[in-house]
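Before any comments, here is the structure.
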Amino acid sequence: MSDHRTPVTPPVVRLAAYTKTDQREILGTGDDPFGVASTGLTWLPKDEHFGIRHDGRLVAHTGLLRLPVAIGGTRTEVVGVGGVAVAPAQQGQGLARLVVGAALAHARTLGPRHALLFCRPLLVPLYRRLGWHLLEEDVLVEQPGGRLVTMPLRTMTTPLHDDAHPVSDAVRLYSLPM
């Protein structure tokens with residue numbers, strides 16, 4: 001008899017909340033766990049959370065938030081995806097694919113036609129492999145005090161419905177980024 005085991009796909013679960021303690025459980029206690037502090041941006045917390053636990057420990061997370069935007073001048077909503085995190089020891093095992101995929105499956109039930117995320121350039125290849133499309137246009141986002149700024153990170157989108165096409169027009173976020 002063979003001693004080879006079929007790897008078990010860990011289940012993605014909805015989380016009732018996602019706290020700083022949860023984030024530290026995944027990413028540790030560093031001052032800049034997502035590598036975006038240098039942008040100086042203020043970010044929105046997410047409303048809905050998805051995670052993966054391994055041996056009782058949270059090892060992956062993705063959050064969602066509906067946001068008002070204009071795409072090519074037309075006002076609409078998108079589902080913002082953010083807070084994507086995988087514990088360093090579990091990276092490279094497909095957990096980002098699983099947790100983002102589960103979050104997007106839920107996002108498809110929310111109504112908006114597109115999901116949007118912001119990421120460091122280093123992560124663009126990962127999200128491309130997950131089916132996201134890089135937006136070449138500048139994206140404007142709100143910041144405290146009524147300031148409107150150009151998003152310094154890369155913006156990626158993905159259609160949430162079969163009849164939606166990738167976004168290629170300018171995007172203006174009518175809120176803080178997620």
Side-chain angles (χ1 to χ4, degrees), residues 1-39 41-67 78-112 114-135 151-162 166 175-178:
M1 184 188 300
S2 173
D3 193 23
H4 297 288
R5 295 183 196 168
T6 303
V8 175
T9 301
V12 177
V13 297
R14 292 278 301 268
L15 304 172
Y18 182 70
T19 66
K20 282 287 188 190
T21 300
D22 294 325
Q23 180 180 306
R24 283 190 292 273
E25 186 174 9
I26 297 172
L27 296 174
T29 58
D31 290 338
D32 188 11
F34 292 101
V36 298
S38 65
T39 66
L41 295 174
T42 299
W43 301 85
L44 285 173
K46 283 33 125 204
D47 287 339
E48 302 188 60
H49 304 276
F50 300 81
I52 296 173
R53 294 189 185 281
H54 178 71
D55 292 335
R57 179 176 165 250
L58 192 62
V59 295
H61 168 267
T62 296
L64 298 178
L65 178 67
R66 283 176 74 144
L67 298 167
V78 295
V79 176
V81 175
V84 179
V86 175
Q90 277 74 33
Q91 290 177 0
Q93 298 177 23
L95 299 186
R97 177 183 49 77
L98 291 172
V99 76
V100 170
L104 289 177
H106 177 71
R108 288 180 181 90
T109 71
L110 300 177
H114 296 92
L116 179 131
L117 66 78
F118 302 114
C119 69
R120 292 177 292 134
L122 176 70
L123 297 174
V124 167
L126 166 70
Y127 288 110
R128 276 195 170 133
R129 285 191 304 273
L130 298 179
W132 292 78
H133 306 274
L134 185 63
L135 185 64
M151 172 52 71
L153 300 173
R154 302 310 310 256
T155 303
M156 300 190 80
T157 66
T158 193
L160 293 174
H161 303 285
D162 290 341
S175 72
L176 298 174
M178 65 295 151

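If you're wondering where the values come from, they're calculated on a predicted model, not measured in any experiment.
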Next item on the list: Taking side chain to side chain contact (heavy atoms under 4.5 Å, CB included) as the test, write out the residues that go with Val124, two or more places apart.
Entry: Cys119, Arg128, Leu134, Arg154, Met156
Next item on the list: Identify the heavy atoms of Arg14 and Phe50 that sit nearest to each other, and give their distance.
Entry: CD-CE2, 2.8 Å
Check: Residues two or more places apart in sequence or in another chain: which of them pass side-chain hydrogen bond (donor to acceptor under 3.5 Å, both in side chains) with His49?
Finding: His61
Note to self: Strictly by salt bridge (charged side-chain N to carboxylate O under 4.0 Å, His left out), give each pair with a member in residues 82-103 just once, sequence neighbours left out.
What the structure shows: none
Notebook entry, point to check: Taking C-beta and beyond as the side chain, do Asp47 and Leu64 meet within less than 4.5 Å on heavy atoms?
Noted result: no
Checklist line | Spatial distance of atom CG (Leu123) from atom CH2 (Trp132) [nearest 0.5 Å] | finding: 12.5 Å
Checklist line | Contact check, side chains of Leu41 and Pro152, non-hydrogen atoms, under 4.5 Å | finding: yes
Note to self: Holding to salt bridge (Lys or Arg N to Asp or Glu O under 4.0 Å), I want the full list of residues that pass it with Glu25, two or more places apart in sequence or in another chain.
What the structure shows: none
Notebook entry, point to check: What distance do Leu15 atom CG and Leu58 atom CG have between them, rounded to the nearest 0.5 Å?
Noted result: 6.0 Å
Next item on the list: Nearest 0.5 Å please: distance from the OG1 atom of Thr62 over to the OH atom of Tyr18.
Entry: 9.0 Å
Check: Residues in side-chain hydrogen bond (donor to acceptor under 3.5 Å, both in side chains) with His106, at least two apart?
Finding: Glu48
Item checked: Set of residues satisfying side chain to side chain contact (heavy atoms under 4.5 Å, CB included) with respect to Pro45, sequence neighbours excluded -> none
Next item on the list: Please report the shortest heavy-atom distance between Gly131 and Thr158, naming the atom on each side.
Entry: O-OG1, 3.3 Å
Next item on the list: Please list all pairs passing the salt bridge (charged side-chain N to carboxylate O under 4.0 Å, His left out) test where one or both residues lie in residues 55-66, with sequence neighbours left out.
Entry: Arg66-Glu77
Next item on the list: Compare every heavy atom of Pro159 with every heavy atom of Pro166, then report the nearest pair and how far apart it is.
Entry: N-CG, 3.8 Å
Checklist line | Closest non-hydrogen atom pair between Ala85 and Leu27, with its separation | finding: CB-CD1, 3.7 Å
Item checked: side chain to side chain contact (heavy atoms under 4.5 Å, CB included) partners of Thr155, counting only residues at least two apart -> Leu116, Phe118, Leu135, Val139, Met151
Checklist line | Closest non-hydrogen atom pair between Val81 and Ala115, with its separation | finding: CG2-CB, 4.2 Å
Note to self: Once salt bridge (charged side-chain N to carboxylate O under 4.0 Å, His left out) is applied, what residue pairs with a partner in residues 81-92 remain, sequence neighbours excluded?
What the structure shows: none
Identify all side-chain donor-acceptor contacts of residues 87-95 below 3.5 Å with residues at least two apart in sequence or on another chain.
{"from": "Gln91", "atom 1": "NE2", "to": "Val86", "atom 2": "O", "distance (Å)": "3.0"}

Side-chain donor-acceptor pairs of residues 31-38 under 3.5 Å, sequence neighbours excluded:
{"from": "Asp32", "atom 1": "OD1", "to": "Gly35", "atom 2": "N", "distance (Å)": "3.2"}
{"from": "Asp32", "atom 1": "OD1", "to": "Val36", "atom 2": "N", "distance (Å)": "3.0"}
{"from": "Asp32", "atom 1": "OD1", "to": "Ala37", "atom 2": "N", "distance (Å)": "3.1"}
{"from": "Asp32", "atom 1": "OD2", "to": "Val36", "atom 2": "N", "distance (Å)": "3.4"}
{"from": "Asp32", "atom 1": "OD2", "to": "Ala37", "atom 2": "N", "distance (Å)": "3.2"}

Checklist line | Shortest non-hydrogen contact between Gly63 and Lys46, atoms and distance | finding: C-CG, 3.3 Å
Check: Is there a side-chain contact (heavy atoms from CB on, under 4.5 Å) between Arg120 and Leu153 once you walk through the steps?
Finding: CA-CA 6 Å; Arg120 292 177 292 134; Leu153 300 173; 4.2 Å; yes
Checklist line | Rounded distance (nearest 0.5 Å) linking atom CZ of Arg108 with atom CG of Asp162 | finding: 8.5 Å
Note to self: Tell me every residue that passes side-chain hydrogen bond (donor to acceptor under 3.5 Å, both in side chains) with Thr19, counting only those two or more places apart in sequence or in another chain.
What the structure shows: Asp22
Margin query: Can you tell me how far apart CG (Leu44) and CG (Leu65) are? Round to the nearest 0.5 Å.
Written below: 5.5 Å
